[in-house]
Amino acid sequence: MFAVFEAVTGWLWGAPLLVTILVTGIYLTVRSGFFQFRHLGYIIKNMFNKDARSGGGDDGKNLTPFQAISIAIGGTVGVSNMSGVATAIATGGPGALFWLWVAALLAMVIKMAEVSLGVYYREKRPDGTYIGGPTYYMQKGLGEEKKWPKGLWLTFAAGFGAMIFSTWFITAQNYTVSEAIGTTFNIPFIVPSVLYVIGIYIVIIGGIKKVGKIAAFLTPIMCGFFILGSIVILIMNIGQLPGALAMIFKGAFTEQAAVGGFMGAGVATTMRLGFARSVYSNEAGWGTSPMVHASAKTDHPVKQGLLGAFEVFMDTIVICSMTGLVVIVTGFWNSGLQGAELTLTAFESGMGYFGRALIALSIFLFGLTTSTGWFTYYSVILKHWLKNNEKVMKIAEKVFILGTPLWGMLVTVLNVYSNGTPAQLWTICDFTTIVPTFVNVVTLFALSGTFLKLLKDYKARYMGIGKLDENVALFYEDKKK
C-alpha cells in the first residue's frame, strides 16, 4: 500500500509541481530584473539595519519585523535541515544538493513575492493587530481584484487551508527530535518526545507575541551553533571538499550508481528530492511564512518581502548546505544511514560525542521553534475561517493549543512501534506540501503583476532605481478607500 502512495507522491512531486515552481520562479526572476542575484548583498545588508529589526518600535500588539522573520526562520530552519537534507542525499545521492541550491535561488524571489503579497492584502483586526496570508490574497486578489468565480478562488483557499491543517496530524518534528535525543543519550524515544511536547506548551500558551520573542532569542543562537560546528567539520575534512563538490555537480546530471549502502538513483529522482527538500525546508511557495510576516509592523510590503528572501538564503543556501557538505565530506552519505542519525553520526566522526550531543540539542531547539512557529500558521487560518464567529474561534484556538504538540508525539509512537523509516515519514510529509504549494504558486503567478508593481515602487522609493509613482497604493485596504 505504501508503495502506491510513494509512487503517487513521487509523480505529483515530479513534472506537475516542478514545472509549476520552475516556471513561476524563472518568470518572477526575469520580470524582477534578476533581483535576488543582482541585489543579494542588499538583501543580506537589509536584514541587519535598524528598521528591519524594529519596524519603528514594538507597539505591544503586532510583531516587529525581526520577530516575524525569527518565527519564520525558526519555522523553516528545523528538522528538515538536519534530517530531510541528509535523507535526500542518502536516497538521491550528492547531486540532490545541487538541485536544492537551484530551487533555493528561485525560491528567494518566490518567497519575496508571497511575503510581499501577504503584507499587501492583509487586514487590520478590531484589536489593532494585522493578519494575512495566502487565503487572504486568494480572496482579495483573485476574488475581488481578478474577479475569479467564487467557486474557483474558494476552492484554492479551502484546499490550501485544509492541507496546511493536515500537517497538524502529520509532522516529522517530534519524531526527528526524539530520534536525535534518544539515540544520542541512549534513552527511549518517548522520553524526549514528552519533553518536546511540554516545551511546545510552554511557548504557545503565551500566544503569537510570546512565540515571536522566544524565536527572536533562540533562532540566532541555534543557527550560530550549527554553522560553527559545521565549519569545524569542514575544516577538519578540507581535503575531501573538492571531491565532494565534484560529486555534487556530477551527480546532478548523471545517474548515480549504487555504492556502499547507497542504492543508486537516476537524475529525475535526484532532482525531485532536491526540490522537495528545498520546498519543505525553506517553505518558499508553500504559503506558510506570509501568515506570520503579515503580522509585522512595516510601512512597505516589499520591506518584509526582502526579509523573506533572506529567510530562504539562511535556511537553504547556508544551513542546508552545511548539513549536506558535512554528510558528504565525512563519507557517511552512502553508509546506509538516514535521517537525523546520519547527520549526527557525521558530526560525531569529526567532533566526537560532544559534537553529536551539541547537534542533538540543536535539533531539539530547531524542532521547537518549527513547531511553535507552525502554531501561528494554524491560528491565522482559523481566524480567517471563523472571523465572523468569535465564540467558536476562541473554542477552536483552545483545542489547537491543546492538540498541536500531541499529534507529533503520536506520529513518533506509531513510527517507532510500526518499524517505520525516516524516508517513509518524509514521503508522507512531502504529500502534505503538494496541494498548498501548487495552489499558492499558481496564485503567485496570477498576482505577479501586483508584486512587480510593489517592487518597482520599493526600488524607486528606497533604492533610487526608477521613477517614483505617488499614486501607487502600498496596501490593498488603502486602494479600496
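- For the residue pair Val326 and Thr330, the shortest heavy atom distance occurs at O-OG1, 2.7 Å.
- Counting heavy atoms from C-beta on, the side chains of His300 and Val119 never come closer than 4.5 Å.
- Taking all atoms of both residues into account, the shortest heavy-atom contact from Gly199 to Leu368 is C-CD1, 3.6 Å.
- Ile89 contributes atom CD1, which lies 8.0 Å from atom CG of Leu325 (distance to the nearest 0.5 angstrom).
- Proximity of a side-chain donor or acceptor of Thr20 to a complementary backbone N or O of Phe438 within less than 3.5 Å is not detected.
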Output, in order, the C-alpha distance, side-chain angles, deciding distance and verdict of side chain to side chain contact (heavy atoms under 4.5 Å, CB included) for Leu361 and Phe225.
CA-CA 10 Å; Leu361 293 174; Phe225 272 134; over 6 Å; no

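- With contacts defined as side-chain heavy-atom distances shorter than 4.5 Å, the pair Met236/Val232 qualifies.
- Relative orientation of the Tyr196 and Phe364 rings is perpendicular, given thresholds of 30° and 60° on the angle between their planes.
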Should Glu179 and Thr183 be marked as a side-chain hydrogen bond (donor to acceptor under 3.5 Å, both in side chains) after you check the CA-CA gap, both sets of side-chain angles, and the distance that decides it?
CA-CA 6 Å; Glu179 178 192 27; Thr183 57; over 6 Å; no

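- Taking 4.5 Å as the limit, every side-chain heavy atom of Gln36 sits out of range of all side-chain heavy atoms of Met112.
- Met314 places none of its side-chain heavy atoms less than 4.5 Å from the side chain of Met47.
- In this structure, the separation between CE on Met322 and OG1 on Thr343 is 14.0 Å, given to the nearest 0.5 Å.
- Using bins of under 30°, 30° to 60° and over 60° for the plane-to-plane angle, the ring pair Phe34/Phe37 lands in the tilted bin.
- At least one donor-acceptor pair under 3.5 Å links the side chain of Arg122 to the backbone N or O of Ala296.
- Nearest heavy-atom pair across Ser116 and Pro301 is O-CB, 3.3 Å.
- You'll find the side chain of Val327 stays beyond 4.5 Å of the side chain of Val85, heavy atoms only.
- At least one side-chain heavy atom of Ile110 sits under 4.5 Å from a side-chain heavy atom of Leu444.
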Checking Met271 against Phe98 for the side chain to side chain contact (heavy atoms under 4.5 Å, CB included) test, could you report, in this order, the C-alpha distance in whole Å, the side-chain angles of both residues, the deciding distance, and whether it holds?
CA-CA 8 Å; Met271 183 179 182; Phe98 173 85; over 6 Å; no

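- In this structure, OG1 in Thr24 is found 10.0 Å from CG in Leu106, a value given to the nearest 0.5 Å.
- Under 3.5 Å, the side chains of Tyr462 and Asn46 contain no donor-acceptor pair of N or O atoms.
- The two residues Met291 and Val380 make their nearest non-hydrogen contact at O-CG2, 3.5 Å.
- Distance check, rounded to the nearest 0.5 Å: CD1 of Ile190 to CE of Met409 gives 5.5 Å.
- To the nearest 0.5 Å, atoms CD1 (Ile235) and CG (Leu241) are separated by 11.0 Å.
- Of all heavy-atom pairs between Trp101 and Ser321, the closest is NE1-OG, 2.6 Å.
- Ring geometry for Phe275 against Trp99 counts as tilted: the plane angle lies between 30° and 60°, on a 0 to 90° scale.
- Checking each of Glu114, Glu311, Gln304 against Ser289 for a side chain to side chain donor-acceptor pair (under 3.5 Å) leaves exactly one that passes, namely Glu311.
- Aromatic ring pairs are classed by plane angle as parallel below 30°, tilted from 30° to 60° and perpendicular above 60°; the pair Tyr42 and His39 is perpendicular.
- Asn237 contributes a side-chain N or O that, together with a main-chain N or O of Ile233, makes up a donor-acceptor pair within less than 3.5 Å.
- Although no hydrogens or angles enter the test, the distance criterion places a donor-acceptor pair under 3.5 Å between the side chain of Asp315 and the main chain of Asn282.
- The closest donor-acceptor contact from the side chain of Ser349 to the backbone of Ala346 lies under 3.5 Å.
- Two residues are said to be in side-chain contact when any heavy atoms from C-beta on lie closer than 4.5 Å; Phe332 and Leu342 meet this criterion.
- When every heavy atom of Thr184 is checked against every heavy atom of Ala180, the shortest pair comes out as OG1-O, 2.7 Å.
- The CD1 atom of Ile359 lies 5.5 Å from the CZ atom of Phe226; values are rounded to the nearest 0.5 Å.
- Classified by interplanar angle (parallel below 30°, tilted 30° to 60°, perpendicular above 60°), the ring pair Phe165/Tyr378 is parallel.
- Counting only heavy atoms from C-beta outward, the side chains of Ile43 and Phe35 approach each other to under 4.5 Å.
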Begin with the C-alpha distance, continue with both residues' side-chain angles, and end with the deciding distance and a verdict on side chain to side chain contact (heavy atoms under 4.5 Å, CB included) for Leu100 and Cys320.
CA-CA 9 Å; Leu100 183 140; Cys320 286; 3.8 Å; yes

Dump the intermediate steps for side chain to side chain contact (heavy atoms under 4.5 Å, CB included) on Leu195 and Val177, then the final yes or no.
CA-CA 10 Å; Leu195 292 175; Val177 168; over 6 Å; no

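- The aromatic rings of Phe185 and Tyr353 lie perpendicular to each other, with more than 60° between the two planes, well past the 30° mark.
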